[in-house]
Amino acid sequence: MLKSIKTTVVAAILIGTAVIAQAQKKVNEGTLTYGMTYELTPEQKSMASQLPAETKFKFNGNILKIEMEQGPAKITILSDGLQKTGLLLVDVPIAQKQFAVKVSKEETEESMGKTPVLTDFKATGEKKKIGVYDTEKYTYKDDKGVQSELWATTDIQLPEGIIGEEFKAVKGTPVLFTRTQNGVKATVTIKNLSEEKVGPLTLDVPANYELTTMDALRAMGGQ
């Protein structure tokens, strides 16, 4: 009898640990897709057609990678979400040219704005399902004291550099939140997360790429 009770207790502990591990699954490498909607001012509405409805990127740790085609060129953007540094790679096969531009923290902040200072995060206890995730509503304030809200989940844990340093006080991963960049306010929602191997990501300039500047790239028709 005692043996069976001990066995039951051990089994319960193991099952409980497995549930906790699954509920807080740490995903350090994979592909993440965000859906995006925008709150545009009257002056910004003319750019609505240029704004993406979703963005998809691969990540490994705090570094993310976005790939796109622009005319005859293949563009690869690598960004360190914590250090705010980046690397832009431009591959033009038809011209047999490969260029690399290093992006400093200062340049990132100049183009994207500084990381917002958000405070007073509070879990409200209100819960709902967003996609496949069980989420809880949080309220918080920006540096002007304006209150906003987000929905976060403890189902998964993503690297801080991927979810955004401004949300590090949240006890979970933001699934639905707002973010303002270049004066454009967007509501961002996790649409899909695929845990998969993407290989090492680095901001080192690859061999065979010519290191140049953003101004020089623009002069060559890079923008």
Side-chain angles (χ1 to χ4, degrees), residues 12-40 44 48 51-66 79-82 84 112-198 201:
I13 292 173
L14 290 174
I15 292 171
T17 303
V19 170
I20 292 172
Q22 184 177 11
Q24 299 177 343
K25 185 177 183 180
K26 183 177 289 187
V27 182
N28 198 58
E29 186 176 7
T31 300
L32 185 60
T33 303
Y34 281 124
M36 306 176 75
T37 58
Y38 303 90
E39 296 180 37
L40 302 177
Q44 294 171 336
L51 298 172
E54 70 174 36
T55 182
K56 182 178 181 179
F57 60 84
K58 297 178 180 181
F59 67 94
N60 190 336
N62 292 313
I63 299 180
L64 64 85
K65 176 182 180 181
I66 299 175
S79 178
D80 187 316
L82 284 187
K84 304 300 181 185
M112 304 299 290
K114 291 187 176 182
T115 300
V117 178
L118 308 178
T119 59
D120 201 23
F121 285 93
K122 293 179 180 178
T124 66
E126 184 178 349
K127 298 182 179 182
K128 69 176 179 180
K129 193 95 167 180
I130 299 179
V132 298
Y133 303 112
D134 293 313
T135 69
E136 181 175 9
K137 180 180 175 180
Y138 281 75
T139 59
Y140 62 92
K141 294 179 181 179
D142 64 16
D143 56 356
K144 298 179 179 62
V146 177
Q147 183 167 291
S148 297
E149 64 183 51
L150 63 81
W151 294 82
T153 184
T154 56
D155 293 352
I156 53 171
Q157 181 181 346
L158 297 176
E160 184 180 326
I162 301 304
I163 66 173
E165 187 181 6
E166 67 267 36
F167 297 130
K168 63 183 179 182
V170 177
K171 298 187 185 308
T173 294
V175 173
L176 189 157
F177 56 94
T178 59
R179 177 170 283 165
T180 301
Q181 292 182 329
N182 292 328
V184 178
K185 186 176 182 180
T187 298
V188 184
T189 308
I190 292 181
K191 290 182 65 176
N192 186 59
L193 172 63
S194 299
E195 185 180 10
E196 58 191 7
K197 294 295 182 182
V198 301
L201 299 179

Distance (rounded to the nearest 0.5 Å) between K171 NZ and F121 CZ: 11.5 Å
Minimum side-chain heavy-atom gap N28-N60 below 4.5 Å: yes
Residues, nucleotides or ligands: over 12 heavy atoms within 6.0 Å of K129 NZ: yes
Heavy-atom side-chain contact between T187 and E39 under 4.5 Å: yes
Distance, nearest 0.5 Å, that separates CG of D142 from CG of D120: 11.5 Å
Residue pair E195 / K26: nearest heavy atoms and the distance that separates them: OE2-O, 4.2 Å
Minimum side-chain heavy-atom gap L32-L64 below 4.5 Å: no
Nearest non-hydrogen partners of T173 and Q157, listed with the distance: OG1-CA, 3.5 Å
Side-chain heavy atoms of T115 within contact of K84, under 4.5 Å: yes
K141 atom NZ, over 12 foreign heavy atoms within 6.0 Å: no
Distance in Å, L82 CG paired with I63 CD1, rounded so as to fall on 0.5 Å steps: 10.0 Å
Worked check of side chain to side chain contact (heavy atoms under 4.5 Å, CB included) between Y133 and L193: CA-CA 11 Å; Y133 303 112; L193 172 63; 3.5 Å; yes
Considering all heavy atoms, the nearest A152-G172 contact: CB-C, 4.3 Å
Pairwise distance CD(E54) to OG1(T33) - rounded to 0.5 angstrom: 6.0 Å
Between CG on residue L176 and NZ on residue K128, distance to nearest 0.5 Å: 6.0 Å
Side chain to side chain, T178 and L150, heavy atoms closer than 4.5 Å: no
Nearest heavy-atom neighbours spanning A123 and E136: CB-OE2, 3.5 Å
Counterpart residues, side chain to side chain donor-acceptor pair (under 3.5 Å), relative to T37 (two or more places apart): none
F167 and Y140 aromatic ring geometry - parallel, tilted or perpendicular at 30°/60° bounds: perpendicular
Min side-chain heavy-atom separation T189-I130 under 4.5 Å: yes
Worked verdict on L51 versus M36 for side chain to side chain contact (heavy atoms under 4.5 Å, CB included): CA-CA 9 Å; L51 298 172; M36 306 176 75; over 6 Å; no
CA sep, side-chain torsions, deciding dist, call: R179, E166, salt bridge (charged side-chain N to carboxylate O under 4.0 Å, His left out): CA-CA 10 Å; R179 177 170 283 165; E166 67 267 36; 2.9 Å; yes
Criterion side chain to side chain contact (heavy atoms under 4.5 Å, CB included) on F57 and T31, from CA distance to verdict: CA-CA 6 Å; F57 60 84; T31 300; over 6 Å; no
Atom pair CD1/NZ of I156 and K25 - distance to nearest 0.5 Å: 9.5 Å
